[in-house]
Enquirer: 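One structure is given below, represented as structure tokens, and several questions about it will come after.
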Number of protein chains: 2
Amino acid sequence: MAQTPSVDTVMRTLADPTRRAVFERVFHSKEITVVDLTRGSGVTQGAISQHLKTLKQAGLVIERPEGRNVYYRAQPEGLEPLADWMDHYGVPSLPAKKRYRARIVPDFRKSR
Amino acid sequence: MAQTPSVDTVMRTLADPTRRAVFERVFHSKEITVVDLTRGSGVTQGAISQHLKTLKQAGLVIERPEGRNVYYRAQPEGLEPLADWMDHYGVPSLPAKKRYRARIVPDFRKSR
DNA sequence: CTAATTAATTAGTATCCACTAAATTGATTT
DNA sequence: AAATCAATTTAGTGGATACTAATTAATTAG
């Protein structure tokens, strides 16, 4: 990746449920191949390849070719643009979350 | 909102750059009307209205009608599903100073 | 009152993109 | 060598959706 992908790229990449599921699955496996990812995905192997390409361009996965297999790994740093965006427009980071929620609720959330 | 929107809803809502820009602008203004949002947006008033409807359904904004105006406010809690997702699949390598700042000044939005 | 303003909605269009099926490439096996 | 396997790429299609222009509704101004 020549340059850090934009929030836009990351958002749009993860917005598709199938592709997000692929990312999650790659994330949860140390390494995984396309055929393994295809199994139980509900789409064809070509589709998975396309999604992986998109994920790769977004900096969310990397590949390690070995023989005729290509092993994919998640690249969590690829989520940084999204995290930065969240920091700016969004939700405080983990430790502050509880306080934050306690402060917000009472007004227009219907209490019952 | 009957129910908390899913990650999917939030992601897809924020994936569109125009709509995300609308959200950011609403977020940074205390309250803002549709005409004000339309100004300089590059799209028509109808388009802005549509985006606001989508944002509202995603739990990201709320409206306050007053006379013939409708004032919109951001609803940062709407980002929680996204934050929760990030927590799971998230970002260990987020720059430490950013997290630090977020922790000590969680309410940096209000101080200006 | 009429005219103007604000906003939402509608219908129609164009673009985008996720997907499949098929072809292709490259690597291993027999 | 041919056959098989893993993966990518291509062309084409269908569906989703962002947008515009126009209409509608409601409120305020002159």
Side-chain angles (χ1 to χ4, degrees), chain A residues 1 5-26 29-75, chain B residues 1 5-26 29-75:
Chain A
M1 200 75 23
S6 62
V7 209
D8 195 73
T9 299
V10 178
M11 279 260 191
R12 291 173 52 135
T13 299
L14 292 172
D16 179 73
T18 307
R19 189 160 47 228
R20 193 169 61 250
V22 168
F23 173 75
E24 293 172 358
R25 206 160 155 198
V26 171
S29 7
K30 217 171 69 81
E31 278 192 331
I32 189 167
T33 63
V34 179
V35 276
D36 275 353
L37 281 169
T38 303
R39 187 197 324 272
S41 70
V43 295
T44 63
Q45 178 245 4
I48 297 293
S49 258
Q50 291 166 1
H51 284 309
L52 285 168
K53 185 180 183 181
T54 305
L55 287 166
K56 190 174 66 177
Q57 287 169 347
L60 291 166
V61 301
I62 55 174
E63 54 188 8
R64 181 179 66 83
E66 185 183 292
R68 62 183 170 192
N69 298 315
V70 178
Y71 294 93
Y72 280 91
R73 270 182 313 188
Q75 207 170 13
Chain B
M1 215 161 336
S6 61
V7 208
D8 196 75
T9 299
V10 177
M11 279 258 191
R12 292 172 51 129
T13 298
L14 291 173
D16 180 73
T18 307
R19 189 159 48 228
R20 192 169 60 252
V22 169
F23 172 75
E24 293 172 358
R25 203 156 159 202
V26 172
S29 10
K30 219 171 68 84
E31 279 191 330
I32 189 166
T33 64
V34 179
V35 277
D36 275 354
L37 281 170
T38 304
R39 185 194 331 265
S41 71
V43 295
T44 62
Q45 173 260 330
I48 296 293
S49 261
Q50 290 166 3
H51 283 309
L52 286 168
K53 185 180 183 180
T54 305
L55 287 166
K56 190 174 67 178
Q57 286 168 348
L60 291 166
V61 302
I62 56 174
E63 54 186 9
R64 182 179 66 82
E66 184 183 294
R68 65 181 168 189
N69 298 316
V70 177
Y71 294 93
Y72 281 90
R73 271 183 302 171
Q75 207 170 15

Enquirer: How would you list, by chain and number, every residue that makes a side chain to side chain donor-acceptor pair (under 3.5 Å) with B/Glu24, sequence neighbours excluded?
Expert: A/Trp85

Enquirer: With sequence neighbours excluded, what pairs up with A/Arg68 under the side chain to side chain contact (heavy atoms under 4.5 Å, CB included) test?
Expert: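 Result, side chain to side chain contact (heavy atoms under 4.5 Å, CB included) vs A/Arg68: none returned.
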
Enquirer: Sugar-phosphate means primed atoms, P, OP1 and OP2; the rest is base. With that split, encode nucleotides 19-30 of chain D 5' to 3' as B, S or - using protein heavy atoms under 4.0 Å.
Expert: BB------BB--

Enquirer: Could I get the full list of side chain to side chain contact (heavy atoms under 4.5 Å, CB included) partners for B/Thr54, not counting sequence neighbours?
Expert: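 By the side chain to side chain contact (heavy atoms under 4.5 Å, CB included) rule, B/Thr54 matches B/Thr13, B/Arg19.
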
Enquirer: Please list, chain by chain and in numerical order, all residues satisfying side chain to side chain donor-acceptor pair (under 3.5 Å) with A/Glu31, sequence neighbours excluded.
Expert: A/Arg64

Enquirer: Scan residues 33-41 of chain B against DNA chain C and write down, sorted by residue number, each residue with any heavy atom closer than 4.0 Å; if none is found, say none.
Expert: B/Thr33, B/Val34, B/Val35

Enquirer: Which residues pass the side chain to side chain donor-acceptor pair (under 3.5 Å) test with A/Asp36, sequence neighbours left out?
Expert: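 With sequence neighbours excluded, A/Asp36 shows a side chain to side chain donor-acceptor pair (under 3.5 Å) to A/Arg39, given in chain and number order.
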
Enquirer: A/Asn69 CG to D/dT4 P: how many Å, rounded?
Expert: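 Whole-Å distance recorded here is 18 Å.
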
Enquirer: Grab the CZ-P distance between A/Arg64 and C/dA27 for me, whole Å please.
Expert: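 Computing the A/Arg64:CZ to C/dA27:P distance gives 16 Å.
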
Enquirer: Output the rounded distance in Å from CG (A/Leu14) to P (C/dA18).
Expert: 12 Å

Enquirer: Using side chain to side chain contact (heavy atoms under 4.5 Å, CB included) as the criterion, list what pairs up with A/Asp8, not counting sequence neighbours.
Expert: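 Only A/Ser6, A/Arg12, B/Pro17, B/Arg20 meet the side chain to side chain contact (heavy atoms under 4.5 Å, CB included) criterion with A/Asp8.
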
Enquirer: Could you check how far CZ of A/Arg20 sits from P of C/dA18, rounded to whole Å?
Expert: 12 Å

Enquirer: Without decimals, in angstroms, what is the distance between A/Tyr71 OH and D/dT8 C1'?
Expert: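 So the OH-C1' distance, A/Tyr71 to D/dT8, works out to 17 Å.
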
Enquirer: A/Leu52 CG to C/dA18 C1': how many Å, rounded?
Expert: 14 Å

Enquirer: When all nucleic acid strands are considered with a 4.0 Å heavy-atom cut-off, which category describes B/Tyr72: base, sugar-phosphate, or nothing?
Expert: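 Counting heavy atoms under 4.0 Å across all strands, the contact made by B/Tyr72 is with sugar-phosphate only.
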
Enquirer: Measuring from B/Leu52:CG to B/Gln50:CD, what's the distance to the nearest 0.5 Å?
Expert: 10.0 Å

Enquirer: Mind checking what makes side chain to side chain contact (heavy atoms under 4.5 Å, CB included) contact with A/Thr44, not counting sequence neighbours?
Expert: A/Ala47

